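Owing to the predicted nature of the structure, the values given are computational and were not obtained by experimental measurement. Side chains are part of it too, since the values below use all heavy atoms of this structure and drop only hydrogens, waters and symmetry mates.
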Amino acid sequence: MTKSFSFTSHANVAFAMLLLFFIMTTASQAQLSSTFYDRTCPNALATIKSSISRAVSRERRMAASLVRLHFHDCFVQGCDASLLLNDSASIVSEKNAFQNRGSARGFEVIDDAKAQVEKICPGVVSCADILAVAARDASVAVSGPSWTVKLGRRDATRASQAQAESDLPLFTDSLDRLISRFGDRGLSPRDLVALSGAHTIGQAQCFTFRDRIYSNGSDIDSNFATTRRRRCPAAAPNGNANLAPLDLVTPNSFDYNYFKNLIQKKGLLESDQVLFSGGSTDSIVSEYSSKPATFRSDFGIAMIKMGDVSPLTGSAGEIRRICTALN
C-alpha cells in the first residue's frame with residue numbers, strides 16, 4: 001500500500017516554503033550569465049564602462065556612490081532597479097526612504113550609461129544590469145577589485161519605499177542586526193565584513209555619526225572623535241549635511257585601511273565599528289587588515305553573491321527604456 005504524505009505540521013509547511021524559495025532562487029540565478037548580451041548587444045559592457053569611467057574621473061567620490069546604489073537596490077526586492085524609479089501615479093519611490101533620501105546619489109550617471117546603451121541597442125539591456133556593471137566598473141576606476149558580473153536581470157515594475165525603510169541597514173544597527181539583515185539575503189557574516197569594506201571610499205553626512213563622536217564611548221579613539229567634531233557640531237540640525245570621509249587616511253583609494261581604522265577604533269559609523277567590537281566578526285576584520293589580497297578576492301565574491309539576490313529573469317518585469325519610469 002502506497003502511503004501519501006501531506007505537510008500538516010507548521011515545521012513541514014515552513015520547510016516546504018523554504019525549499020520552494022530555494023528552487024525558485026536557484027532557477028533564476030541559473031539564468032544569469034556573463035555572456036548574456038554577447039549576441040544581442042556585444043558592445044554593451046564597453047559602452048557602460050566608458051560612461052562610468054568618465055563620471056568617476058570627474059569626481060572620485062562617485063565610485064562609492066555607484067557601489068552603494070547597487071547595494072541599496074539589491075537589498076530591496078532583489079537586484080531589479082526598483083531603486084531607480086521616480087514617484088508617479090503608481091510608484092512611491094524608494095529614493096524617499098530614510099536610508100536613501102539626501103544620500104543616495106549617482107542616478108544621473110546610471111541614466112547617462114543607459115542612454116548611451118540605448119543608442120546602440122534599444123530595449124535590450126536592463127537598468128538592473130547597468131547598476132551591477134556600474135558598481136564593478138566604479139570599483140576598478142579607483143583601483144579596487146574587479147569581478148565577473150552575471151547578466152540577464154530584468155527591471156521591476158514596482159517599488160516599495162516602506163520595504164526600503166524596513167530592509168536597508170541603518171548606521172545605528174548592531175552587529176547581530178547586520179548579520180541578520182545580510183543573512184536574510186543569503187549573505188554570510190564574512191560577506192557582510194567584505195562588503196562593508198566598500199567604506200574604504202566615500203563619505204558620510206554629519207547626522208549619521210554625530211552621536212558616535214560625541215558619545216565619549218570606549219569604542220572610539222578620542223583624537224579621532226575630536227577631529228571629526230570640527231565639521232560636525234553637537235547641536236542638530238547644524239551641519240547635518242557636512243561630509244566626512246569614511247576612511248580618513250586614504251578616502252579616494254580602494255584599499256584595506258578601513259579595516260586598520262576599525263582596529264584603531266576609528267570607524268566613522270556605529271555600524272562600521274561594531275564589526276570590530278569584541279564580537280564574532282573581529283577575526284575577519286583582523287584578517288583583512290593584514291591580507292589585502294584576501295579582502296579584494298572576498299569583496300568580489302560577495303558582490304557576485306549580492307548580485308544574485310532575487311533577480312527578475314525570463315519574462316518577469318520589463319526592460320525599461322529609461323531607468324526612472326515604467327514603459
Side-chain angles (χ1 to χ4, degrees), residues 59-65 67-68 71-72 98-106 142-144 168-179 181 189 192-292 295 299:
E59 182 195 13
R60 296 278 288 184
R61 180 189 171 203
M62 186 55 68
S65 300
V67 172
R68 186 171 185 258
F71 173 79
H72 279 220
F98 172 73
Q99 296 94 318
N100 292 325
R101 189 172 59 248
S103 62
R105 59 195 299 275
V142 289
S143 303
L168 287 172
L170 293 162
F171 55 85
T172 54
D173 275 349
S174 66
L175 178 59
D176 286 345
R177 187 72 184 100
L178 288 171
I179 289 174
R181 288 189 193 275
L192 159 63
V193 178
L195 291 171
S196 297
H199 283 181
T200 183
I201 52 176
Q203 303 186 58
Q205 297 181 63
C206 166
F207 79 90
T208 65
F209 57 86
R210 175 182 281 119
D211 287 349
R212 173 162 162 74
I213 63 174
Y214 286 99
S215 67
N216 295 314
S218 60
D219 65 341
I220 186 168
D221 178 86
S222 59
N223 291 329
F224 173 75
T226 299
T227 301
R228 295 298 82 192
R229 290 172 186 169
R230 291 173 188 164
R231 284 186 43 79
C232 186
N238 295 331
N240 266 4
N242 288 356
L243 296 171
L246 289 158
D247 174 2
L248 186 60
V249 183
T250 53
N252 292 315
S253 296
F254 200 112
D255 55 30
Y256 62 112
N257 277 323
Y258 168 80
F259 300 107
K260 292 183 176 182
N261 294 339
L262 297 186
I263 293 172
Q264 296 168 10
K265 299 183 179 181
K266 295 178 181 179
L268 185 61
L269 304 179
E270 185 177 337
S271 55
D272 287 325
Q273 194 58 57
V274 295
L275 300 178
F276 191 85
S277 56
S280 59
T281 54
D282 280 17
S283 60
I284 306 172
V285 171
S286 294
E287 180 182 0
Y288 289 162
S289 74
S290 61
K291 297 180 179 178
F295 162 55
F299 183 83

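With sequence neighbours excluded, the residues that form a salt bridge (charged side-chain N to carboxylate O under 4.0 Å, His left out) with Asp173 are Arg181. For Arg177, there are no salt bridge (charged side-chain N to carboxylate O under 4.0 Å, His left out) partners two or more places apart in sequence or in a different chain. Under the salt bridge (charged side-chain N to carboxylate O under 4.0 Å, His left out) criterion, Arg212 pairs with Asp219, not counting sequence neighbours. Among residues two or more places apart in sequence or in another chain, the side-chain hydrogen bond (donor to acceptor under 3.5 Å, both in side chains) test is passed with Arg105 by Glu59, Ser65.
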Practice task
I would like to know whether Gln205 and Leu243 meet side-chain contact (heavy atoms from CB on, under 4.5 Å); could you show each step before the answer?
Solution key: CA-CA 5 Å; Gln205 297 181 63; Leu243 296 171; 3.8 Å; yes
Practice task
Go through Asn261 and Leu248 one step at a time and tell me if the side-chain contact (heavy atoms from CB on, under 4.5 Å) criterion holds.
Solution key: CA-CA 8 Å; Asn261 294 339; Leu248 186 60; 5.6 Å; no
Problem - Worked verdict on Phe171 versus Ser271 for side-chain contact (heavy atoms from CB on, under 4.5 Å) - result: CA-CA 5 Å; Phe171 55 85; Ser271 55; 4.2 Å; yes
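Residues Leu175 and Leu275 have side chains in contact (heavy-atom distance under 4.5 Å, counting atoms from C-beta outward). Looking only at side-chain heavy atoms (C-beta outward), Ile179 and Ser280 come within less than 4.5 Å of each other. Residues Ser103 and Phe207 are not in side-chain contact: their nearest non-hydrogen atoms beyond the backbone lie 4.5 Å or more apart.
Here the closest non-hydrogen pair linking Pro189 and Thr281 is CB-CG2, 4.3 Å. Nearest heavy-atom pair across Ser286 and Ser289 is O-OG, 2.7 Å. Closest of all the heavy-atom pairs between Ala204 and Phe209 is O-CE2, 3.6 Å. Nearest heavy atoms, Arg210 versus Pro233: NE-O, 2.8 Å. Contact record, Gly197 with Tyr258: CA-CD2, 3.8 Å, taken as the closest heavy-atom pair. Nearest approach of Ala198 to Phe299, heavy atoms of both residues: CB-CE1, 3.9 Å.
Remark: of the listed residues Asp255, Asn252, Thr250, Asp255 is the sole one forming a side-chain hydrogen bond (donor to acceptor under 3.5 Å, both in side chains) with Thr200.
Within the model, atoms CG of Asn242 and CD of Gln203 stand 10.5 Å from one another, a figure rounded to the nearest 0.5 Å. With rounding to the nearest 0.5 angstrom, the OG1 atom of Thr208 is 12.5 Å from the CD atom of Gln99. In this structure, CG in Leu170 is found 6.5 Å from CZ in Phe98, a value given to the nearest 0.5 Å.
Applying the disulfide bond (SG atoms under 2.5 Å apart) test to every pair with at least one member in residues 198-255, sequence neighbours left out, gives these pairs: Cys206-Cys232.
Put simply, the side chain of Arg228 never gets that close to the backbone of Ile213: no donor and acceptor are under 3.5 Å apart. Formation of a donor-acceptor pair under 3.5 Å by the Tyr288 side chain with backbone atoms of Phe259 is not found in this model. With hydrogens and angles ignored, the 3.5 Å screen pairs a side-chain donor or acceptor of Gln273 with a backbone N or O of Phe276.
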Which pairs would a plain distance check flag for residues 262-270, meaning a side-chain donor or acceptor within less than 3.5 Å of a matching protein atom at least two apart in sequence or in another chain?
from, atom 1, to, atom 2, distance (Å)
Lys265, NZ, Ser218, O, 2.9

